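In what follows, a structure is listed as structure tokens, so that the remarks can point back to it.
Keep in mind that what you see is a predicted model, and the values were worked out from it rather than measured. For the single chain, residues carry numbers from 1 onward in sequence order.
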Amino acid sequence: MSAGVEADGRDWRLLARAAGVGFAGAVLSFYALVAFGASPRDASELVFPLAALPFSLGLLGWSAVLLSGEAIETFSAELGVSESWTVESGRQGTALLVVFGLGGMVGAAVAGTPYGV
């Protein structure tokens, strides 16, 4: 195993940027749908699940990395498929998906609040 995210420390700014991008994307998507004629409830019912999708995929990926990350890293290195994939990079990737989706879900909820949805 090579030194990676765990050895260098966590990049909290990267996680904050991912959450901010998810938040902004959800808010912009919500208001774009409302501007193009969708009801606020319909816009919320579309944007929130779209933001929940990367959140749920990140959670599933996180558990997969925790349970079998070492085996995947060793297997891919032995096959020569990917020597750059590490358990730490897998954790970082899934954490980015989780916070992006979380930011999007919060953004969808905040955008719908003035409309009561």
Side-chain angles (χ1 to χ4, degrees):
M1 250 175 36
S2 62
V5 176
E6 301 295 326
D8 295 337
R10 290 173 178 82
D11 189 359
W12 295 107
R13 288 179 292 173
L14 179 64
L15 293 174
R17 282 194 307 265
V21 168
F23 182 89
V27 170
L28 290 174
S29 298
F30 178 86
Y31 284 114
L33 287 169
V34 170
F36 285 112
S39 72
R41 180 167 301 280
D42 290 341
S44 179
E45 287 178 356
L46 178 64
V47 174
F48 189 87
L50 285 177
L53 186 62
F55 179 80
S56 62
L57 290 174
L59 286 179
L60 289 172
W62 183 272
S63 64
V65 169
L66 287 178
L67 292 174
S68 60
E70 301 264 345
I72 294 171
E73 181 178 353
T74 304
F75 185 68
S76 64
E78 285 179 7
L79 288 179
V81 175
S82 174
E83 293 181 12
S84 62
W85 191 92
T86 63
V87 174
E88 290 86 12
S89 67
R91 287 182 194 155
Q92 184 180 23
T94 56
L96 285 172
L97 278 174
V98 167
V99 297
F100 175 79
L102 181 62
M105 290 188 299
V106 170
V110 168
T113 299
Y115 297 100
V117 292

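Partners of L97 according to the side chain to side chain contact (heavy atoms under 4.5 Å, CB included) rule, which considers only residues two or more places apart in sequence or in another chain, are P54. Residues passing the side chain to side chain contact (heavy atoms under 4.5 Å, CB included) test with L67, sequence neighbours excluded: none. With sequence neighbours excluded, no residue forms a ring-ring contact (aromatic ring centres under 6.0 Å, His included) with Y31. Looking at residues two or more places apart in sequence or on another chain, you find a side chain to side chain contact (heavy atoms under 4.5 Å, CB included) between L50 and L46. Residues meeting the side chain to side chain donor-acceptor pair (under 3.5 Å) test with S39, sequence neighbours left out: D42. With sequence neighbours left out, the ring-ring contact (aromatic ring centres under 6.0 Å, His included) criterion links F100 to no other residue.
Linking ILVMFWY side-chain heavy atoms closer than 4.5 Å, directly or via other members, places F23 and V21 in two distinct hydrophobic clusters.
Legend: ring-ring contact (aromatic ring centres under 6.0 Å, His included) pairs involving residues 33-60, not counting sequence neighbours: none detected.
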Q92 and E88: CA distance, side-chain angles, deciding distance, side chain to side chain contact (heavy atoms under 4.5 Å, CB included) verdict:
CA-CA 6 Å; Q92 184 180 23; E88 290 86 12; over 6 Å; no
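A 4.5 Å side-chain heavy-atom check between E45 and R41 finds at least one atom pair inside the cut-off.
L15 shares a hydrophobic cluster with W12, L14, L96, V99; the chain of contacts runs through ILVMFWY side chains whose heavy atoms sit under 4.5 Å apart. Annotation for L60: hydrophobic cluster partners, listed by chain and number, are none (ILVMFWY side-chain heavy atoms under 4.5 Å, direct or chained). L57 forms part of a hydrophobic cluster together with L53, judged by ILVMFWY side-chain heavy-atom separations under 4.5 Å.
Looking only at distances, no side-chain donor or acceptor of S44 sits under 3.5 Å from a matching main-chain atom of P40. Judged by distance alone, the side chain of E73 and the main-chain N or O of V87 form a donor-acceptor pair under 3.5 Å.
When all heavy atoms of A43 and V34 are compared, the pair lying nearest together is CB-CG2, 4.0 Å.
Atom-to-atom distance recorded for T74:OG1 and L79:CG is 11.0 Å, nearest 0.5 angstrom.
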I'd like a table of donor-acceptor pairs (distance under 3.5 Å, sequence neighbours excluded) in which one partner is a side-chain atom from residues 102-117, with atom names and distances.
residue, atom, partner, partner atom, Å
T113, OG1, A109, O, 2.7

